[in-house]
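Presented below is the structure to which this report refers.
Residue indices begin at 1 and follow the sequence shown. Computed from a prediction, not measured in an experiment: that's the story for all the values here.
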Amino acid sequence: KALETYGPIPYTHAGEMALVIPFDSEKEVYTAMFEDLKDAIETLTPLANNGDKIMSDFDVVYKGDVQKWVKYAKSLMLRLAIRLKYADPVMSRQWATEAYGGSIMNLISTIDEEAKMGGEFVNNIQYLADNYGECSMGSSMFAYLSGYKDPRLEKYFRTSEVSWALEAFDGKKYAPLPPGTASPAKTFAGRSVPNFASNTPTYWMRASEICFSHSESNFAPS
C-alpha cells in the first residue's frame, strides 16, 4: 500500500551498501515483485510436489508445508495483479493468469490453507485495544451496525456494562465513543473495543479474499 500512497520507493536496490539508494517507479516495483514471486514459486514447486517440509521448527505460518507456501505465493501474485487492473490492464491480466495457472486450486481456497500467525503470538490489535486506549468503537459505527440490525455487531465489538452504554438491536449493550473527543485517560474506561482475544490469529491472507479476487479478475473461467 505504501507504493500506491507515496509513489516510487527503493526496491530493486534496497539493502545495497550505498550512500544513496535509487528509487524505482511503481511499474518497476510491481514488475520486480512479480518476478521475485515467480522465482520463488519455481524454486519451491519441486519441493512441494515431493511433499517436502522445510524449516518446520521455525515456520510459524505453515509449519514448513511447502505446498501451502506455493499457494500463498500464487495468491499474493493474484492480489498484486488485481491492484493493477485499471492502472495497467495488460500486466494485470498477464500475472493474474500466471497466478491462476488454469485452476483455482492453485490458489488459497480453503480455511486450512489461509496464511495466519497464531499460537505464541499475541494478536496485535487486541494488545493495542487493551493497552493503549486508542482503538475503540466509534458512535457512527455503532449507529450504522445497530441501525441496520447488522448481525456482525457482536462479532466486531465487545459488549459493555458501563453506565453510559447503549442498548443495541440485539438486546446487548455497547459503549461507543463520540468522535473528536479529547478527554483525560480512563475517561471512557469500559468502552467497547474490537472483539479480539490474545490468541485470535493475525491473518496475512484469507481464502475469502482470494475467492473475491478470482471473481474480480475476470481473466479465467471458474
Inset, instruction - Report the distance from atom CZ of F23 to atom OH of Y6, rounding to the nearest 0.5 Å. - result: 13.0 Å
Legend entry - Interatomic spacing from OG in S136 to CE in M141 - rounded to 0.5 Å: 12.0 Å
Legend entry - Salt-bridge present (D59, K68; N to O < 4.0 Å): no
Inset, instruction - Taking all non-hydrogen atoms of both residues into account, name the closest pair between P10 and D24 and its distance. - result: C-OD2, 4.1 Å
Legend entry - Heavy-atom closest pair, residues S160 and S192: CB-OG, 4.0 Å
Inset, instruction - Compare all side-chain heavy atoms of Y72 with those of L44 and state whether any distance is below 4.5 angstrom. - result: no
Legend entry - Between CD1 on residue I9 and OG on residue S25, distance to nearest 0.5 Å: 10.5 Å
Legend entry - Within one Ile-Leu-Val-Met-Phe-Trp-Tyr cluster: L145 and F196, side-chain cutoff 4.5 Å: no
Legend entry - Note, K173 side chain near T159 side chain (heavy atom, < 4.5 Å): no
Legend entry - Side-chain ion pair, K172 and D170, N-O less than 4.0 Å: no
Legend entry - Cluster check Y148, L166: I/L/V/M/F/W/Y, side chain < 4.5 angstrom: no
Inset, instruction - Considering non-hydrogen atoms only, spot the tightest contact between Y174 and R158 and give its length. - result: CD2-O, 3.5 Å
Inset, instruction - Flag the pair K53 / D65 as yes when at least one side-chain heavy-atom distance between them is below 4.5 Å, and no otherwise. - result: yes
Legend entry - Close side-chain approach of W95 and E35, heavy atoms under 4.5 Å: yes
Legend entry - Enclosure of M105 CE (heavy-atom neighbours >12, cutoff 6.0 Å): no
Inset, instruction - Decide if atom OH of Y127 counts as having more than 12 heavy atoms of other residues, nucleotides or ligands within a radius under 6.0 Å. - result: no
Inset, instruction - To the nearest 0.5 Å, tell me how far I21 CD1 sits from T12 OG1. - result: 9.5 Å
Legend entry - Donor-acceptor pair, side chain of N123 and main chain of I125, under 3.5 angstrom: yes
Legend entry - Side-chain (S92) to main-chain (A81) donor-acceptor, under 3.5 angstrom: yes
Inset, instruction - Check the hydrophobic clustering (I, L, V, M, F, W, Y; side-chain heavy atoms under 4.5 Å; chains of links allowed) and say if F212 and L78 are grouped together. - result: no
Inset, instruction - Is it possible for you to say whether V193 and Y144 belong to one hydrophobic cluster, with membership spreading through side-chain heavy-atom contacts below 4.5 Å? - result: no
Legend entry - Full working for side chain to side chain contact (heavy atoms under 4.5 Å, CB included) between F34 and L80: CA-CA 8 Å; F34 285 130; L80 295 176; 3.6 Å; yes
Inset, instruction - Could you grab the distance from atom CD1 of I210 to atom CD of E216, nearest 0.5 Å is fine? - result: 12.5 Å
Inset, instruction - Please report the closest heavy-atom contact between S109 and I104, naming both atoms and the distance. - result: CB-O, 4.3 Å
Inset, instruction - Please report the shortest heavy-atom distance between F142 and A168, naming the atom on each side. - result: CE1-CB, 3.8 Å
Inset, instruction - Side-chain contact test, heavy atoms from C-beta onward, threshold under 4.5 Å: evaluate it for L37 versus E98 and give yes or no. - result: no
Inset, instruction - Determine, using the 4.5 Å side-chain heavy-atom cutoff (strictly less than), whether V162 and L177 are members of one ILVMFWY cluster. - result: yes
Legend entry - Distance-minimising heavy-atom pair for W164 and P176: CZ3-O, 3.4 Å
Legend entry - Any donor-acceptor pair under 3.5 Å from E113 side chain to I108 backbone: no
Legend entry - Nearest-0.5 Å distance that lies between atom CZ in R206 and atom OG in S75: 14.0 Å
Legend entry - Any Y203 side-chain heavy atom under 4.5 Å of E114 side chain: yes
Legend entry - Under 3.5 Å donor-acceptor, Q126 side chain and A197 backbone: no
Legend entry - Any donor-acceptor pair under 3.5 Å from S213 side chain to E209 backbone: yes
Legend entry - Residue pair L153 / M137, side-chain heavy-atom distance below 4.5 Å: yes
Legend entry - Evaluation steps, side chain to side chain contact (heavy atoms under 4.5 Å, CB included), between R79 and L76: CA-CA 5 Å; R79 176 193 281 178; L76 183 55; 4.1 Å; yes
Inset, instruction - Would you mind reporting whether W69 and I54 have side-chain heavy atoms less than 4.5 Å apart? - result: no
